[in-house]
Amino acid sequence: MFLLNAPIVATREVAPGMAVVSMEAPEIAASVRAGQFVNLGIAGPFLRRPFSVYRVDGESIEVVLKAVGVGTAELLGMRPGDLVSCLGPLGRGFDLEAGPRSAVLVSGGLGVAPMPLAAREARALGMRVTWVHGARSARELCSEAEGEEVIFATDDGSRGFAGTAVAAAPDGELVLACGPNRMLAAVAERWPEARVAVETYMGCGTGVCLGCAVPLKAGGYDRACKEGPVYRAAAVDWASLPSHLPYAVTA
Amino acid sequence: MFLLNAPIVATREVAPGMAVVSMEAPEIAASVRAGQFVNLGIAGPFLRRPFSVYRVDGESIEVVLKAVGVGTAELLGMRPGDLVSCLGPLGRGFDLEAGPRSAVLVSGGLGVAPMPLAAREARALGMRVTWVHGARSARELCSEAEGEEVIFATDDGSRGFAGTAVAAAPDGELVLACGPNRMLAAVAERWPEARVAVETYMGCGTGVCLGCAVPLKAGGYDRACKEGPVYRAAAVDWASLPSHLPYAVTA
Amino acid sequence: MTVDMSVSVGGLRLRGPVLAASGTFGYGTEVPLLERRALGGMVSKGIFLRPRAGTPPPRIVETPSGMLNAIGLQGPGADALIREYAPLWASWDFPVLVNINGESVGEYGELTSRLDGVPGVAGFEINISCPNVEQGGMYFGNDPHAAAAVTEAVRKRTRLPVWVKLTPMVSDIGVIARAVEAAGADALCAVNTFVGMSIDLNAHQPRLSFRTGGLSGPAIRPLAVHLAHQAARSVRIPVLGVGGIMRAEDALEFLVAGCTAVQVGTATFVNPRAIADIHDGIKAHLETHGFSSVADLPRYLPRD
Amino acid sequence: MTVDMSVSVGGLRLRGPVLAASGTFGYGTEVPLLERRALGGMVSKGIFLRPRAGTPPPRIVETPSGMLNAIGLQGPGADALIREYAPLWASWDFPVLVNINGESVGEYGELTSRLDGVPGVAGFEINISCPNVEQGGMYFGNDPHAAAAVTEAVRKRTRLPVWVKLTPMVSDIGVIARAVEAAGADALCAVNTFVGMSIDLNAHQPRLSFRTGGLSGPAIRPLAVHLAHQAARSVRIPVLGVGGIMRAEDALEFLVAGCTAVQVGTATFVNPRAIADIHDGIKAHLETHGFSSVADLPRYLPRD
Ligand SMILES: Cc1cc2nc3c(=O)[nH]c(=O)nc-3n(C[C@H](O)[C@H](O)[C@H](O)COP(=O)(O)OP(=O)(O)OC[C@H]3O[C@@H](n4cnc5c(N)ncnc54)[C@H](O)[C@@H]3O)c2cc1C
Ligand SMILES: Cc1cc2nc3c(=O)[nH]c(=O)nc-3n(C[C@H](O)[C@H](O)[C@H](O)COP(=O)(O)OP(=O)(O)OC[C@H]3O[C@@H](n4cnc5c(N)ncnc54)[C@H](O)[C@@H]3O)c2cc1C
Ligand SMILES: Cc1cc2nc3c(=O)[nH]c(=O)nc-3n(C[C@H](O)[C@H](O)[C@H](O)COP(=O)(O)O)c2cc1C
Ligand SMILES: Cc1cc2nc3c(=O)[nH]c(=O)nc-3n(C[C@H](O)[C@H](O)[C@H](O)COP(=O)(O)O)c2cc1C
Ligand code: FES
Ligand code: FES
C-alpha cells in the first residue's frame, strides 16, 4: 500500500459525462491487480473516495467516473498538474489464476471500471475474453470496451442486445462482474461462482473502521475494503444490502 | 449592497508575497467609496473574508492581500475566470467631504489597502495628498504608494525614514490611517481626530451578527461592518481591543 | 401544480416553512438582499429586560464547517425594542417573534408582561440557554423543572404564541421537551448552539474573550437533526428544526425528521440570499416529488 | 535542543502524547503506512465479552467536516481477542489498551476478569457510551451512578490502568468525571462521538440502518476541546483529549486546554500517516517555542 501525491496527467471522455482521469502513481501502477482500488483524497469532501483502477499506462493509473456528487465533480474538474492524494492499491482484486480457457466479463454502466485490467490479466493467463457491457442506452455505453468478443446491451435496445448485460451474456468458465448491486444479485442467481466487485460506502479503505460491511450468506459481515471488494457471487447476502439508498447506483 | 459572482480578471505582485487581485464587479465598482470593503466567499473557508477595496478600474474592483491563512491563500491561487462571490460595498468608508486642503494618508503594511481610493477621493475634493507608507523593511513596502508626496518608513531603516509611519508623518488638516491596531492606537494619541480603518473578525459583514464588536471610549460596542470600519481615532477604546491575538496583524 | 408552502406552527399560520433564526438576522432591518417574500417569519435577536453591552471582542471564531460565537446577548433592552423596532414589525407581512431571555424566572415573566400586546410582537421564543443566576448559573434549559418554570411564567402573562428554544447539551432532550410542553409551550425550537472552545496556541488561552462560545453551522447539523427528531417524537406540539441548514436539502432533512418548519441562522452570513434559496428549493423538491404541500411530505417519526 | 515527547498518563509512561483512538485503528494489525515510532499507544476496537455481528449497512455517512458511524461494536469477543491479537501486542513497543463494553455492570466486570493478566493487554479503556440494558437502555455514561458502578466493577478486577471514556451528550461532564474519578479511574478520555442523524430524502428515512450514528471528525473539535477542558478542570487525574484532531495544532489545543495526551481517530481514515504527522508537528511546535517537554507547555486550566 502506498500513499502518493499523484499529479493529474490527463482526462478523456468515454461517454457523455463519463471520463477517464489518469494520474502519475508509479508504485501503484507497478503493483495494482484487476479489481483493486485506490482511495483518493480530494480537496472538497471530508473523506477519501474509492475508485477501481481502470487501466495502467506506464507510471500512470487511470480511473473512470461520472460526476455523481461533490468528490467526483471536483475530480473531473482537476487540471493536469493538480495533485490528488492517492492511497492504494487497496482490497483484494479478482485474483485471476491460470486454468480457465475463457472469461466472461459482465459490466453495467460504470461497472466497466475494473474490466480493462481484468481483460488484460485474463489474456495474460491465456483466456479468451468475452466482454458484455450494458447501459441504459447507446449514448451511455462506455466507448472503450474491448475483448476477443464484445457484446453490447442496452435497456432501450438502442444498441446491441435489448435487455440487461446479464441476459445478454454467454456462459463462460470464469465470470467476472461489476455493476449496480441489483445487477450483481442477478449475476449471483445465474452464476453462483462468478466473482463480483461490490460497492459500499467506505470510511477508511484500509480495514480499520468496519464501515464497509458486506453482509454474508454465512452470517456476519466482511469488509469490502479488505476481504473484498471482490466476492464469490453466492457468498454475499444480496437481500441484506440496502435497497432504499442511491447505493451502488454509480454503475 | 450587491451580491455578485465576480470573475477574477488578473493578479499582480506589489511586494514579495503581496498581490493585487482584480475581479469584475460592475455594480460595486460603480458605487464603492474609499474605506468600504467587500466580503468575499471563497471555496475553502466556511465564512466570507472581508477585504478593503483597493482600486477601481472600469468595471473591476481590486483588493490587495498576503497569504496569512486558508482564505487568502486560496484567493491568491485563483486564476482568471474563476469566480468569487463578492458581497459589497459594505460598511461606512472615510466619508470624505470638501473642506480640508491637505490630507495625510498613513498606512502600515497591508494598511495600504484603502489608500488608493482615499487618495483619489481626496484629490477629487481638491486636497493635496501626502502618503506615508511604512513596513518592516524595504522589501515589504508596497510598490504602488502614490500621492503629491510619498514618504516611506521602514522599521529597519532599509528605505526612507527609519521608524514607524506615524513617526514619519507630517501633520495635515485631515489624517486617514489604516494598519495594525497598535499603529492605529499611536495614531489616536497623535491625531485624535484622524479617521482610521479598523480590522476585526467578522461573521456576517452586514450588521446582523454583532460579531465585529469595536469597543468605544463612550462605552459599549459598535459594529465594524456597519458603523465602521472607519472611526474617529479618539472614539475607539484601543486598550480593550484584544492584544493576545494575531488580530489585525495582517498589516 | 401549485405547491402550498404555508404551515401552521405553534399558534401562527406562516406563508412558508423557513424562518430567520434569532441572533442571525438582527431586528430584521438589515440584510437587504434577502427576498422577503420567502420569509415565513423572523425571530429577533435575543433580548433582556434591560440593555446589555455584550462581551468584549473577539466574539467569533471560525471552526471546521462552523463558527463559535459569544456575543453575550448584546441588546438595547425592552424599552428600546418597543420604541424602535416593534413599530416597524407591525407593518411587515410576516410575523416577528421576540427571543426572550432572563437571569431568573421572574425576569422572563416581567419581560413578557412588558412586551405582551405591543403591536408588532407576534409571539415569544423563550431562550432557555441562559444561566440561571439564582441557581448557581446552570442553564435553565438543562433542568426540566427550571425550563418548565420559565415556560409557565411566560405562558401566564401572554396569549400570544409561546415557543421554547431547547438547549442541545442535555442527556435526554425528550424529558425537557415534555416538561415545557406540559408547562404550556405552543411549539419547540430545536436546537440552540452547542458550547465549544477554541484555543490560541500563541497566547495559550481561549480565542474568545468569553472563553467558550456557541457552535453553529453545518458542523452541528447531524446532531441538530437528531435532537429535533427526538423532540418531535416526544411531544404533540410542533417542532421547528434549527442547526446548520445551508441548503434546501438540509431543511428537508429536518422536515422529514418530524419538524413542521425550520429556522435558518449562520447560513445567512455566508449567503445573504440563503432563506430565499432554501424556500425555493423546498418548493422545487415538493413539486418534483409530487407533493402538494409541506404537510404532505412523508415524515419519519416513530413515536416514543 | 531535544524535546522530551514522553508523557505519564493514568498509570502508563508513553513515549509520545499521541495515541490511536478506539475503533479507528482496528486491533493495530492494519494501517501499514503509519510510522509506528510516533505511536504513544493504541486503544483497540471496542470489545464485548461475546462476539457481536454489528449493524447492517449502511454504517457510515459523511457529514460536513465529519462522519456518522454506526458499526454496532462488531467484534470477535474476548476469547478471540486473547487468542489472535493479544499475543501480537505483547511484542509491540507501545502499550495497547482494550476498549471494553457491556450491557450490564456485571458484563463489564466479567470482561475485565477475562482480560486481566493476559500478556499484551496493558490496560483498559471503559466505553461508558453503551446502553444499559438493565436500566432501560440509557447510556451508562449519562448517569454518574451508573458510570461509577461500571468503573468500580472494572477497578475491583484489575491492577492495570483503568481509563474511562466519557460520553459527550450530558448537561455537566464535570459531575460524571468526578464520579468515575472517585470510583477509581486512573485517567479520563474526553470524548466519545456525539449522537447524530442524517436523512435520505428519497427514501424519507435515516441513511444509517441503525438510524442514528456517532459524529466524529473536525466538526466536533470545538465541542470536544470544551468538554475535555471541563473534565480536566474537574478532576486531579489526567485527561486524554479526543475529537476531531487532524493536525498538530488541533492536538495542541487539547494539550493547552489541560489534557495530558490525545487520541486520534477519524483523521487516520483521511491521512493514514496522521498520527506520525501530528506527533512530529507537536515536537516542532515545542522546539519552536522553546519548550523542552510536553509537560512544559503552558496550560490554560483554571480549576473549578
Ligand atoms: C471499491 C469501490 C470502487 C469504486 N470504483 C468506482 C469507479 O471506478 N468509478 C466510479 O465512478 N465510482 C466508483 N465507486 C463509487 C465512488 O466511490 C462514488 O461514486 C464516490 O464516492 C461518490 O463520491 P461523490 O463525492 O462524488 O458523491 P457524494 O457527494 O458523496 O454522493 C453523491 C451521491 O452518490 C452516492 N454515493 C456516494 N458514495 C457512493 C458509493 N460508494 N457508491 C454508490 N453511491 C455512492 C450518494 O448516496 C449520493 O447520492 C467505487 C466505490 C467503491 C466502494
Ligand atoms: C474591514 C476589513 C478589511 C480588511 N481588508 C483587508 C485587505 O484589504 N487586505 C488584507 O490582506 N486583509 C484585509 N483584512 C483582513 C482579512 O480579512 C484577513 O486577513 C482574512 O480574513 C484572513 O483570512 P484567511 O482565511 O486567509 O486566514 P485564517 O486562516 O482565517 O487565519 C489565518 C491567520 O490570520 C488571522 N486572521 C484571521 N482573520 C483576521 C482578521 N480579520 N484580521 C487579522 N487577522 C486575522 C488568524 O488569527 C490567523 O492567525 C480586512 C479585514 C477587515 C475586517
Ligand atoms: C451570532 C449568533 C447569535 C445568536 N444569538 C442568539 C440569540 O440571541 N438567541 C437565541 O436563542 N439563539 C441565538 N443564536 C442561535 C441561533 O438562533 C441558532 O439556534 C443556531 O445558530 C443554530 O442554527 P444555525 O446553524 O443555522 O446558525 C445565535 C447564533 C449565532 C451564530
Ligand atoms: C468508525 C468508528 C468506530 C469507533 N468505535 C469506537 C469504539 O469501539 N469504542 C469507543 O470507545 N469509541 C469508538 N469510536 C470513537 C473514537 O474512538 C473517538 O472517540 C471519536 O471518533 C472522536 O475522535 P475523532 O474525531 O478523532 O475520530 C469510534 C469512532 C469511529 C469513527
Ligand atoms: S472502509 Fe474502513 S474497514 Fe473498510
Ligand atoms: S460582522 Fe456581523 S455584525 Fe458585523
Side-chain angles (χ1 to χ4, degrees), chain A residues 1-5 27 39-50 69-71 85-88 90 181 198-216 218-226 228 236-249, chain D residues 20-34 45-46 51-76 200-209 213 216-219 244 246 265-274:
Chain A
M1 191 193 307
F2 303 94
L3 179 59
L4 311 169
N5 274 324
E27 291 90 338
N39 213 2
L40 301 182
I42 312 156
F46 175 60
L47 293 171
R48 288 172 177 271
R49 296 288 189 261
V70 47
S85 171
C86 189
L87 177 70
L90 299 171
N181 286 342
V198 175
E199 232 184 81
T200 66
Y201 291 117
M202 288 190 171
C204 64
T206 58
V208 293
C209 78
L210 308 181
C212 57
V214 174
L216 300 178
Y221 301 98
D222 247 8
R223 296 168 296 181
C225 72
K226 204 77 192 177
V236 174
D237 179 4
W238 299 101
S240 299
L241 274 177
S243 59
H244 68 284
L245 286 179
Y247 191 81
V249 289
Chain D
S22 177
T24 63
F25 213 72
Y27 304 95
T29 56
E30 324 283 357
V31 203
L33 287 175
L34 181 96
K45 170 70 191 163
R52 276 170 70 105
T55 48
R59 290 179 171 186
I60 54 173
V61 180
E62 192 180 73
T63 69
S65 298
M67 62 178 274
L68 292 170
N69 86 78
I71 309 299
L73 286 158
Q74 175 178 336
D200 183 294
L201 296 181
N202 292 304
H204 301 105
Q205 56 174 278
R207 285 184 215 268
L208 293 173
S209 74
S216 65
M246 302 296 284
T266 307
T268 301
F269 305 167
V270 175
N271 170 17
R273 286 206 189 98

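Throughout, a chain's letter reflects where its sequence line sits, starting with A, and its residues are numbered from 1. As the structure is a computational prediction, the values presented were derived from the model and not from experiment.
Top candidate by heavy-atom pairs under 4.5 Å with chain A, chosen from D:Ser65, D:Gly23, D:Ala70, is D:Ser65. Options D:Gly66, D:Ala53, D:Pro51 differ in how many heavy-atom pairs under 4.5 Å they form with chain A, and the most are formed by D:Gly66. Between chain D and the options A:Pro215, A:Ser85, A:Gly203, A:Gly219, heavy-atom pairs under 4.5 Å are most frequent for A:Gly203. For chain A, the option among D:Arg59, D:Met67, D:Met246 with the highest count of heavy-atom pairs below 4.5 Å is D:Arg59. Counting heavy-atom pairs closer than 4.5 Å to chain A, the top residue among D:Pro64, D:Gly217, D:Ala219, D:Pro218 is D:Pro218. Taking chain D as the reference chain and counting heavy-atom pairs below 4.5 Å, the highest number among A:Asn39, A:Leu87, A:Leu3 is found for A:Leu3.
Looking at heavy atoms from C-beta onward, D:Val270 lies in side-chain contact with A:Phe46 at the 4.5 angstrom threshold. Between D:Gln74 and A:Arg223 there is no side-chain heavy-atom pair separated by less than 4.5 Å.
Put simply, CD1 on D:Ile60 and OG1 on A:Thr200 are 7.0 Å apart, with the number rounded to the nearest 0.5 Å.
Here the closest heavy-atom approach between residue D:Gly54 and residue A:Tyr221 is recorded as O-CE1, 3.6 Å. Smallest separation of non-hydrogen atoms from A:Ala213 and D:Pro57: O-CG, 3.5 Å. Nearest approach of A:Thr206 to D:Glu30, heavy atoms of both residues: O-CB, 3.6 Å.
With a 4.5 angstrom heavy-atom cutoff, D:Thr266 touches chain A only via side-chain atoms. For A:Leu47, the parts lying under 4.5 angstrom from a heavy atom of chain D are both the backbone and the side chain.
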